[in-house]
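Shown next, in structure tokens, is the structure this report addresses.
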Amino acid sequence: MTINRRHLLYLLLSATTGIATIVNKKHKPTKNISWAQTKPQIYKSENGLLEVELTAQETPVNIGDKTVYLLTYNGQIPAPQLEAKAGDKVKITLTNKLNKSTNLHYHGLHISPQGKADNVFVEIQPNQTYNYEFTIPEDHQSITGWYHPHLHGNTAEQLSGGLAGLFVVRGKLEEISTIKSAKEEFIVLQDFALDNDGKLMDSRMMSLMTGREGDLITVNGKVNPQINCNKGEWLRLRILNASTSRFYNLSLENNPFFLIATDGGAINSPQQMNSVLLTPGQRVEIMIQGDSQLSSLKMINLPYNRGAMGMMGGGMMGRRNNNNSSETLATINFVESNNNIEPLSLPNQLNSINPLPSPTQTRSFTLNHGMANGMAFLINGKAYNHQRIDTTVNLDTVEEWELINTGIMDHPFHIHVNSFQVVSRDDIPEKLLAWRDTVLVKRGERVKIRIPFQNFVGKTVYHCHILDHEDLGMMGNLEIIS
Ligand code: C2O
Ligand code: CU
Ligand code: CU
């Protein structure tokens, strides 16, 4: 009986999505780029093809009761949500109406770093248009990926202006009935530093050393939005930290929830937790069950100190750079429902990740800052150089990298194209087997990761995902050769 009811619900849901996708066959931006809408537009692939046109430009956006001027794709904060399935083809046309060069990076996607794919060496000048085109592998994990600009030197400024959106790849995880029937909500965390006129603060005014943070924190382009969940049903929250430098230490008022996925997709079995720290670039998926006792639950950002507090002398800018107090990011309301759905239980197995084999090569990367044409952020003592290949690896090998932070600030380390597994922290073995693409290396900490280089050759990058640090030199070129 309940199964039939649920089945009916699916039929209705898929019918609605079907109609929406037919209308959006070739997704074009609205002619007159206007103020941001309340829900980001979702563009889904149809018959194995996702085709989207994006325009990057400064636009007025309504946030709360204010009009602010941000950098947007198609006038939206966050940017339109893109959705494709494993095996799909993707065509994205990007028109640059910004006053500086830009490009696109597909963060978390396992696709080629060359040609018109995830190529961060492409430069799209103002008023130019570029056509991206790539195919997502058939066996791609179901992930909460995202896209953002990645032109060295402009990355932090453009991302902090608002240029970021979700790129969801759907696959096997969604075939699990509890996951499929859960209410799915995306949480895109962004922060903005604005002046009194609602204009983006000039980069020269920001604390780039610690990594810029803004006072206006938004969730899906809103301040403290309300999320509804039927009592007794599962809510699947898919959370992205799209901030340039801000960390989010998330809690649901200390109520337990289940972690089901990290950057690179589902973990093997749900893990109960009370809080989760998200560095810039990271994503998690968590499940909570609509509580029968509570009427609402707040998503809180708990204090976290990511270091270098003293660097700014605790002045106006310094204050911005750490979460000193808890703040409410969003509110989840549990509502009575009349569709008597019997909740399914969370399955024990979500994925089948095996630990990576012993590496054929080990390397170490020391993260710090120092002098190189002025203050710079360094990897193994060097600031980023476009021409230099820092690391050459062989396709179809597994490497172990030791990331050593000898500085006074935390650095979230990110690698493009291939996800990795964390092996240990300060020689203490990591318990959770998970695919990640960004890992926190706390000040003074040593983290070992193993990376399988699979399917794609070419030149790409690794870097600190505090994007001001990346722009100030904490990035290296990685070449994968066959
Ligand atoms: Cu999200 Cu190289 O970045
Ligand atoms: Cu990335
Ligand atoms: Cu850093």
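Keep in mind it's a predicted model, so treat the numbers as computed, not measured. Whatever order the structure lists ligands and atoms in, that order sets their numbers, starting from 1. Numbering of residues begins at 1 and proceeds along the displayed sequence.
- For atom 2 (Cu) of ligand 1, the nearby protein N/O/S atoms, meaning those under 2.8 Å, are His150 NE2, His416 NE2, His463 NE2.
- The pair Arg170-Glu184 counts as a salt bridge, with a side-chain nitrogen and a carboxylate oxygen less than 4.0 angstrom apart.
- Contact of the Phe247 side chain with the Pro412 side chain is registered, since non-hydrogen atoms from C-beta on lie closer than 4.5 Å.
- The distance between the ring centers of His469 and His463 does not fall below 6.0 angstrom.
- Under the 6.0 Å cut-off for aromatic ring centres, Tyr384 and Phe377 do not qualify, their centroids lying 6.0 Å or more apart.
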task: Before giving the answer on salt bridge (charged side-chain N to carboxylate O under 4.0 Å, His left out), spell out for Glu445 and Arg425 the whole-Å C-alpha distance, their side-chain angles and the decisive distance to 0.1 Å.
output: CA-CA 7 Å; Glu445 199 177 29; Arg425 290 178 175 274; 3.1 Å; yes
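- Between His411 and His369, the ring centre distance reaches or exceeds 6.0 Å.
- The pair Arg236-Glu285 counts as a salt bridge, with a side-chain nitrogen and a carboxylate oxygen less than 4.0 angstrom apart.
- Here the two rings, on His110 and Phe456, have centers that are under 6.0 Å apart.
- Looking only at protein N/O/S atoms, the ones less than 2.8 Å from the Cu ion (ligand 2) make 2 in total.
- When only modelled atom types and interatomic distance are considered, Thr406 and Asn368 share a side-chain donor-acceptor pair under 3.5 Å.
- Taking atom 1 (Cu) of ligand 1 as reference, His148 places its N/O/S atom NE2 nearest.
- Classification of Lys442 and Asp410 as a salt-bridged pair fails, no side-chain N sitting under 4.0 Å from a carboxylate O.
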